[in-house]
J.: 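The structure under discussion is supplied below as structure tokens; questions concerning it will follow.
Reckoned from all heavy atoms, side chains included, excluding hydrogens, waters and symmetry mates. Every chain is numbered from 1, with letters handed out A, B, ... down the list of sequences. These numbers come from a predicted model, not from an experiment.
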There are 2 protein chains.
Amino acid sequence: MTGRVTMRDVAQAVGMSPMTVSRALRDDRTVNAQTRARVRDVAQQLGYVYDSTAQAFRTQKSGFVAVTLPSVNNANFAETFRALTSGLGAAGVQLLLGSTNYRVEREEELVRQLLTRNPEALVLTGGHHTDATRSLIKGRGLPVIEMWDLPRDPLGHVVGFSNSDAMAHVVGHLAATGRRKLAFVGASEGADMRGAVRRAGVVRAADMHRLPEVTMIDAGPAPVSMRHGAAVIEALGRDVAQYDALVCVSDPVAFGCLSAVQRMGLSVPDDLAITGFGHFEVAKVSNPRITTVNVQAEDIGRQVVDLLQGIFDGDVDAPVRVDVGSELVVGETS
Amino acid sequence: MTGRVTMRDVAQAVGMSPMTVSRALRDDRTVNAQTRARVRDVAQQLGYVYDSTAQAFRTQKSGFVAVTLPSVNNANFAETFRALTSGLGAAGVQLLLGSTNYRVEREEELVRQLLTRNPEALVLTGGHHTDATRSLIKGRGLPVIEMWDLPRDPLGHVVGFSNSDAMAHVVGHLAATGRRKLAFVGASEGADMRGAVRRAGVVRAADMHRLPEVTMIDAGPAPVSMRHGAAVIEALGRDVAQYDALVCVSDPVAFGCLSAVQRMGLSVPDDLAITGFGHFEVAKVSNPRITTVNVQAEDIGRQVVDLLQGIFDGDVDAPVRVDVGSELVVGETS
DNA sequence: TGGCCTTCTGATACCGATAACATGATACCG
DNA sequence: CGGTATCATGTTATCGGTATCAGAAGGCCA
């Protein structure tokens, strides 16, 4: 019934004012060293727990950075998130995470919700948003970073790479090694914009290299993963042999395809090349290793952290655009 | 300079008191329907954004549930988290996520930090905590749920399964199919308690089945994944053929082992059986499919949501213990 | 007509920390 | 020794919602 322990209680116990307690707990040097120590001791004894909500309210600084990801269940996004957490955690900032399930409407809802927590910055994955999302964000003085893409018309800062260029490298590599009849394996057209950009990149690059039209193989609604890759190839059966190469939207999909292709007795890369995207662990360990694109998920996270730190320190005025690039990693499937 | 838009501003604009605005925005039916609509319109027009911090402060209800996970970059934990997010999001609760990197000291630090946000419940992964963590939690009236384990001496509620029993099933299966010389592939002894429990389960079960002593193969500090499994087997070389079966701490590790074993020309399961844990996607798609244990990560999340809902509704008094069980899934590697 | 109930709205205080300013005690200076 | 700098602490007001109680307006009944 005594309710929670507040600074007032601690103050009373040490015979000082709450203000002194506040200062002591924040290690303010204007407070006498002995007093500081005593306050800390007593606070500990009383089981005092600092109330960040009250602080956030009074100072109008929440200590939160809001982040949206399409999905946590994706090693690359998870890696970015990990880098964000450890980088910002050191700065005393907590992350507020939301996942959009690859849908911009869901993102809108999330942003609406996250903004009510008064975050000090907003980090969005991707550069496609609903108009409502855009207008929610604009006007407010809130720093915004879009990551994992290089949007044409950014909301604020950007840390990403060109999905389209990355795919062009993959297609260039395949063309150079004599592959001509390509199929792209990805999610159904629809919500997943990053997937769509990759697909478009493949088409454009194939065109540039004067390859025949790229066949689109639909592995189902996003997110698509190993089992979808495997299922769609199983459904296709031996017909898959008509292609020289399967260009997959991600490594998990590529692994699914690889596995299914091998099961039907075809040889990779002899009968057919397969490429992935993202440099997931499975691409390095699978047998054969999958040709893929390294996107430096962790680096994206780190760059975002650096940028945020600069913003909080007031060192950033103009919008920043960081291209972390990407890199073709030739494996044994091509 | 005008600062943020508050309820006061909205109230002024509609010529009513802030209290009425507050009620209107919360859809309180005691407010006249027309007034409600008008308030909403005006709020929208002024770009008013509700301040959850102020609400949390005044009502002493944060709208947060704090969750700790060993790692987000793990499909099973990510799946549990997804289930929690979608289940609790519907109830208007937001998740505060922290990852412990499989270390109890890090968990302690995290819990300390999370508690300052005044969460309405705390969901921890696993049943091993530092004494400081335990005392931080006890005493406070905060509902606590430990998940993914069935701890002997729980802090509060529990939703999990027996890692040890699950491993016993795996070993039983191997013994029944004539495997005798087992090796366990897992992380170094140390922080990861779930891994340690699995290891102990294997040893005990092997003993029970009168198998020779189980060899421990150390794949490095937690978390161990595909590449660690592959690396440790590569380092072992053909010596691996002395075992009848590799019992791996997780599916990714098992896949790494499988891949390395295949690369050196051995056949699975003819020369050697391999088992995993967790029913990860890779186990279903790999070639051959990996014998594993299905742990229903999503179900754990759902059960935790149900439990929390019960707690918030005041329907739960005594500590609840839910065993979601686990199930051996025999694949093609054994 | 008076009394009472229903419907809607307002006034006030408060949640816990802290910014901003004020104050009391000492020390130190020429 | 008066005056000013320095150090340590206290006082007051405030951040933006909302619980609680009070009250005005209108309808209904006997």
J.: Check if the side chain of R23(B) and the base of dG10(C) share a donor-acceptor pair of N or O atoms closer than 3.5 Å.
T.: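 Result: at least one qualifying N/O pair found.
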J.: Between dT9(C), dG17(D), dT9(D), spot the one nearest the side chain of V31(B), thanks.
T.: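 Looking only at side-chain atoms, V31(B) lies closest to dT9(C).
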J.: Heavy atoms from C-beta onward define the side chain here; which of dT18(D), dA17(C), dG16(C) lies closest to that of Q60(B)?
T.: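 So the nucleotide nearest the side chain must be dG16(C).
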J.: Measure from the side chain of M19(B), starting at C-beta and using heavy atoms only, and say which of dA19(C), dT20(D), dA17(C) lies closest.
T.: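 So the side chain of M19(B) is nearest to dT20(D).
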J.: Looking only at side-chain N and O atoms, does R58(B) come under 4.0 Å of OP1 or OP2 in dA17(C)?
T.: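 Indeed not, no polar side-chain atom of R58(B) lies that close.
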J.: Return the 5'-most residue of the pair A54(B), M16(B) with respect to DNA chain C, ranking by each residue's nearest nucleotide.
T.: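 The answer here is M16(B).
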J.: Nearest-Å distance, NZ (K61(A)) to P (dA19(C))?
T.: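 It works out to 10 Å between those atoms.
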J.: Ignoring backbone atoms, establish whether S22(A) has a side-chain N or O less than 4.0 Å from OP1 or OP2 of dT18(C).
T.: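 Yes, within the criterion.
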J.: With R194(B) as the cation and Y102(B) as the aromatic partner, state whether NZ or CZ is under 6.0 Å from the six-membered ring centre and within 45° of the axis.
T.: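 The answer is no, since R194(B) fails at least one limit relative to Y102(B).
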J.: Minimum heavy-atom separation for Y48(B) and M7(B), please, with both atom names.
T.: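 The pair with the smallest heavy-atom distance is OH-CG, 3.4 Å.
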J.: Looking only at the side chain of F57(B) (C-beta and beyond, no hydrogens), which of the listed nucleotides dA17(C), dC15(C), dG17(D) gets closest?
T.: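 Of all the options, the side chain of F57(B) is nearest to dC15(C).
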J.: Under 4.0 Å between a side-chain N/O of Q55(A) and OP1 or OP2 of dT18(C), yes or no?
T.: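 For dT18(C), OP1/OP2 do have a side-chain N/O of Q55(A) under 4.0 Å.
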J.: Other residues, nucleotides and ligands only: do more than 12 of their heavy atoms fall within 6.0 Å of CZ on R8(B)?
T.: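 Open: at most 12 neighbouring heavy atoms sit under 6.0 Å from CZ of R8(B).
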